[in-house]
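Note sheet for the following structure.
Below, chains carry the letters A, B, ... as their sequence lines are ordered, and counting in each starts from 1.
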4 protein chains.
Amino acid sequence: MDREERRAQVLRHAKRIFARKGYHRTNVADIILRARIARGTFYLYFRNKREIFEVLLDQALRDLSERIRRIRMAADEPSPVDQLRANLGRVLEFVMMERELTDIVLNHAVGFDREIDARILEFYEQIAQKIQRSLDLGVQMGLVRQCDTHTVACCILGGVKEVVGQLSRRRRHDTDAIVEEILNFGLRGVARPELLVEHQPAGEVTGEGERLFHAAH
Amino acid sequence: MDREERRAQVLRHAKRIFARKGYHRTNVADIILRARIARGTFYLYFRNKREIFEVLLDQALRDLSERIRRIRMAADEPSPVDQLRANLGRVLEFVMMERELTDIVLNHAVGFDREIDARILEFYEQIAQKIQRSLDLGVQMGLVRQCDTHTVACCILGGVKEVVGQLSRRRRHDTDAIVEEILNFGLRGVARPELLVEHQPAGEVTGEGERLFHAAH
Amino acid sequence: MDREERRAQVLRHAKRIFARKGYHRTNVADIILRARIARGTFYLYFRNKREIFEVLLDQALRDLSERIRRIRMAADEPSPVDQLRANLGRVLEFVMMERELTDIVLNHAVGFDREIDARILEFYEQIAQKIQRSLDLGVQMGLVRQCDTHTVACCILGGVKEVVGQLSRRRRHDTDAIVEEILNFGLRGVARPELLVEHQPAGEVTGEGERLFHAAH
Amino acid sequence: MDREERRAQVLRHAKRIFARKGYHRTNVADIILRARIARGTFYLYFRNKREIFEVLLDQALRDLSERIRRIRMAADEPSPVDQLRANLGRVLEFVMMERELTDIVLNHAVGFDREIDARILEFYEQIAQKIQRSLDLGVQMGLVRQCDTHTVACCILGGVKEVVGQLSRRRRHDTDAIVEEILNFGLRGVARPELLVEHQPAGEVTGEGERLFHAAH
DNA sequence: GATGAATGAGGATTCATTCAT
DNA sequence: CATGAATGAATCCTCATTCAT
């Protein structure tokens, strides 16, 4: 077997175990047992237990980072809302595909080690900043109401994290609806209220979302 | 020294250490060193390392639970929004007072042990349910828009958790403003849009919040 | 409460616990719990855990020693067989009365500590010697057949120990019959054969024992 | 070094130490020091301290059990007395070869742990039963006098145990004579008296044994 | 490269004994 | 005398990592 292939195989097994038991309760013994390799072989591919965990973590963080793209306001881009929707969709797609990695990022990598803690914190910090910058832009453009964009960005990030945690735990697959629900909640939370209702008949409830989401066009 | 006093003293020290280093990296040696007691003395007050952690965790969960009260609709109660505000205020007050416990609940108690994991999950689950029930009630009363209240409840819970995490990390104290910010974001996210803007001049932004928050009166 | 009385009370409780769990598995905590005294009080009456055990052991060894009397051949003494019978009877009486002490002497005091091991070994050694001397005397008097009296003495001692162990474990009380049985077995094992059968009709079996036991008169 | 070889080596050292100091006073440190292995290596071969002790105990009990064979009455078998002699010989051979194991079975395994206590008790119980069954058979065949075979079996077992204990402590090697002595004592203790003396001249003492022992032919 | 036996530092827990009140 | 909180040495066991084959 090719070196990279074997390494990937070990990573695959480790991922499942770390996700299930967390870093501390996972032994090297667990990993080599599942990966069907010898103790020494493990150390041929990874410097130590910590490294294999970091590789997995980095992989997840990098992938997630790529899935969350900056909102662009160019004329040839989709509407900001559509860009948000696409971001959210990609994140949830990752979650559904990589439940184990999600679990690791979300739960098992905190309170672990100064350095790794810091790395995760920084990752979330970056996302929060991306969100905050988008909000600031929205305010400038008259789409987002005046608010403490830092706190609101946290709220949004936290909301997504919590829903993501739920999803990774449950076997639900109706991600599109959930994306819509989060988007709806978040946008209403930040939108300037004038953009939400216009000449709307009392009973009609479902249609409004669509209007909001496309109001920026 | 009185028994309870001594026990509390040990707990106090353990709390700081667990918060800083997490359960696994904290030794009994660390705790007894800080608490200035002998090895055996520790085991006089706690069956084992796990127990002292559980005591701290339970203490936090119980305290937090008490701070989050069910929204009541009786005539002699404050408005629902005021009740929400009070809940949030009490939670943030706890966070500021008990940064270490907050840290433990938020970060260090997950991926630890099936049983403790389950206990924390259940705690959050209960809060999510409280939120969801409030939302359901709001929908019935025509205050909250039609939505997937489960997902939205998750979003709200997650938002609060994230902000709380931020707060426990930083030395900020403007909690009242933050409470207001979260409330504002959350309420707008769920309120029926008609309740948000009524005959409002375009420029006026700040006044609208107040109206919303007291709309239920 | 009087000092000696209290000491005796603690000893009584310790005896039961040592018998049931042995020295090593018995904690000072067990003893003070049962005796309803404080930790420090224990050390007021006994230097340490070992001492209380030794007191019990010595008590048992001394009592037993007194119950096993040297066989005397004076004209005004009962027959040697009756003296043996009386010895055995007294030993079994002790066993039935002091099951716990018996248990301690028999089982829980070996492999414990060089010194205590030696003391017990010496005790048994002394009894074996008493038996051996009696046998030697019997040989001289023409009652006992030629044999390796040391080995035979061991056999006899061991036989009694084993039966005693059985008795202390079970709730049987027919000690007299057992005394007779042991005596019968042992005497036949050592008696000169001529003394066992004399002009005896083939079928008669039960009577012979009596003749043997009183043959020395 | 081969796995089994290494394991055996550790067992060999542990055997000596357990025999000398007993279970409780023996540390794992003692064992690994003697066996010249690292702490962890010990736990590679044995789950814990208790297990290595049990392995040794079981080994002894199994070996001993195999050395004590049921007395068979078939025409092509040696005489019952010869079978007894062979059994005794094999037991004493074991004792001389495996003094340490003998010591463990005899002394260091009692009052240790409910389960192990029970196992040893059961072992002796089984031997006692074997003896008792042989006695019952002897009674049926008219070789053994009427008696409480249970008690007598205990006497015989105890006698052997005591002699065995003596042997394992001392450096004697004249086992054949001792076997003969025990046999002689035991057989006389149980034999029907008519079988012991027949037309025997007064002075002749040594010959009688032979006759008895071969009477069953 | 692959193996897995060996290592030993590290950490949790117990319990006999002391001593201030 | 009596108490029981405090002590800390002793001991078992785990597990990440190394290294000779």
Side-chain angles (χ1 to χ4, degrees), chain A residues 1-3 6-7 23-33 35-53, chain B residues 1-3 5-7 10 23-32 35-52, chain C residues 1-3 6-7 10 23-33 35-53, chain D residues 1-3 5-7 10 24-32 35-52:
Chain A
M1 193 183 293
D2 169 72
R3 181 176 168 86
R6 156 90 34 131
R7 191 180 146 98
Y23 181 81
H24 289 287
R25 285 186 301 140
T26 297
N27 306 339
V28 174
D30 293 335
I31 298 173
I32 63 171
L33 209 78
R36 295 173 170 276
I37 57 170
R39 248 192 156 65
T41 311
F42 177 87
Y43 288 88
L44 245 44
Y45 290 97
F46 305 95
R47 219 194 324 256
N48 49 36
K49 178 181 157 189
R50 188 198 149 115
E51 194 189 74
I52 193 173
F53 185 80
Chain B
M1 191 182 294
D2 173 71
R3 179 172 170 86
E5 220 175 314
R6 166 62 60 112
R7 192 181 145 99
V10 178
Y23 180 82
H24 290 286
R25 284 186 303 136
T26 298
N27 307 339
V28 174
D30 293 335
I31 298 173
I32 64 171
R36 293 173 170 277
I37 57 171
R39 233 182 184 100
T41 311
F42 176 87
Y43 289 91
L44 233 51
Y45 292 95
F46 306 95
R47 225 194 319 264
N48 49 38
K49 179 179 151 190
R50 187 198 154 113
E51 194 191 73
I52 193 173
Chain C
M1 193 183 291
D2 170 72
R3 181 175 167 87
R6 156 86 38 128
R7 192 181 144 97
V10 178
Y23 180 81
H24 289 286
R25 283 186 302 140
T26 297
N27 305 338
V28 174
D30 294 335
I31 299 174
I32 63 170
L33 209 78
R36 293 172 169 276
I37 57 169
R39 249 190 153 67
T41 310
F42 177 87
Y43 288 88
L44 246 43
Y45 291 97
F46 306 95
R47 219 191 327 256
N48 49 37
K49 178 181 156 189
R50 188 199 151 112
E51 194 189 74
I52 193 173
F53 186 80
Chain D
M1 191 182 293
D2 173 70
R3 179 173 171 86
E5 219 175 315
R6 167 60 63 109
R7 191 182 146 100
V10 178
H24 290 286
R25 283 186 304 135
T26 298
N27 307 338
V28 174
D30 293 334
I31 299 173
I32 64 172
R36 291 173 172 276
I37 56 170
R39 241 197 172 82
T41 310
F42 176 87
Y43 290 92
L44 232 50
Y45 293 96
F46 306 95
R47 226 193 318 263
N48 48 38
K49 180 179 150 188
R50 187 198 154 113
E51 195 191 73
I52 193 173

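The CZ atom of A:R7 sits 13 Å away from the P atom of E:dA2 (whole-angstrom rounding). Note: CZ (C:R47) to P (E:dT18) measures 11 Å, nearest angstrom. As a whole-Å value, the separation of B:I32 CD1 from F:dT7 P is 9 Å. Between B:F42 atom CZ and F:dG8 atom P the separation is 17 Å, expressed in whole Å. For the pair C:H24 NE2 and F:dT11 P, the computed distance is 12 Å after rounding to whole Å. Atom OH of C:Y45 is separated from atom P of E:dT17 by 18 Å (rounded to the nearest Å). In this entry the distance linking CG of A:D2 with P of E:dG1 reads 10 Å, nearest Å. Between the CZ atom of B:R25 and the P atom of E:dG11 there is a distance of 12 Å, given to the nearest Å.
For C:I37 and B:R36, each mapped to the nucleotide of DNA chain F holding its nearest heavy atom, the one lying further toward the 5' end belongs to C:I37. Taking for each of D:G40 and B:T26 the nucleotide of DNA chain E with the nearest heavy atom, the 5'-most of the two is the partner of D:G40. For the pair A:K49 and C:A38, both in contact range of DNA chain F, the more 5′-proximal nearest nucleotide belongs to C:A38.
Under the Watson-Crick or G-U wobble criterion, with both distances below 3.5 Å, E:dG10 is paired with F:dC13. With both pairing distances under 3.5 Å, E:dA2 is matched to F:dT21 as a Watson-Crick or G-U wobble pair.
Within the nucleic acid shown, C:L44 comes within 4.0 Å of at least one base atom, counting heavy atoms only.
For B:R6, a side-chain nitrogen or oxygen approaches OP1 or OP2 of F:dA6 to under 4.0 Å. Contact check, D:T41 against E:dT7: a side-chain N or O comes under 4.0 Å of OP1 or OP2. Side-chain N/O atoms of C:Y43 include none lying less than 4.0 angstrom from OP1 or OP2 on F:dA2. The side chain of A:R3 places an N or O atom within less than 4.0 Å of a non-bridging phosphate oxygen (OP1 or OP2) of E:dG1.
Using modelled atom types, one side-chain atom of D:N48 and one backbone atom of D:E51 make a donor-acceptor pair closer than 3.5 Å.
Minimum atom distance to the side chain of B:V28 is reached by E:dA12, of the listed E:dT17, E:dA12, F:dT18. Relative to the side chain of D:N27, the nucleotides F:dC12, E:dA6, F:dT17 differ in distance, and F:dC12 lies closest.
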Would D:T26 and D:I31 satisfy side-chain contact (heavy atoms from CB on, under 4.5 Å), going step by step from the backbone distance to the final call? CA-CA 8 Å; D:T26 298; D:I31 299 173; 4.0 Å; yes
Output, in order, the C-alpha distance, side-chain angles, deciding distance and verdict of side-chain contact (heavy atoms from CB on, under 4.5 Å) for D:I52 and D:Y45. CA-CA 9 Å; D:I52 193 173; D:Y45 293 96; over 6 Å; no
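Cation-pi geometry between B:K49 and B:F42 is not met: the NZ or CZ atom fails to fall both under 6.0 Å from the ring centre and inside 45° of the normal.
With hydrogens and angles ignored, a donor-acceptor pair under 3.5 angstrom links the side chain of C:R39 to the base of E:dT17.
B:N27 contributes atom CG, which lies 4.5 Å from atom CG of B:D30 (distance to the nearest 0.5 angstrom).
Relative orientation of the C:H24 and D:H24 rings is parallel, given thresholds of 30° and 60° on the angle between their planes.
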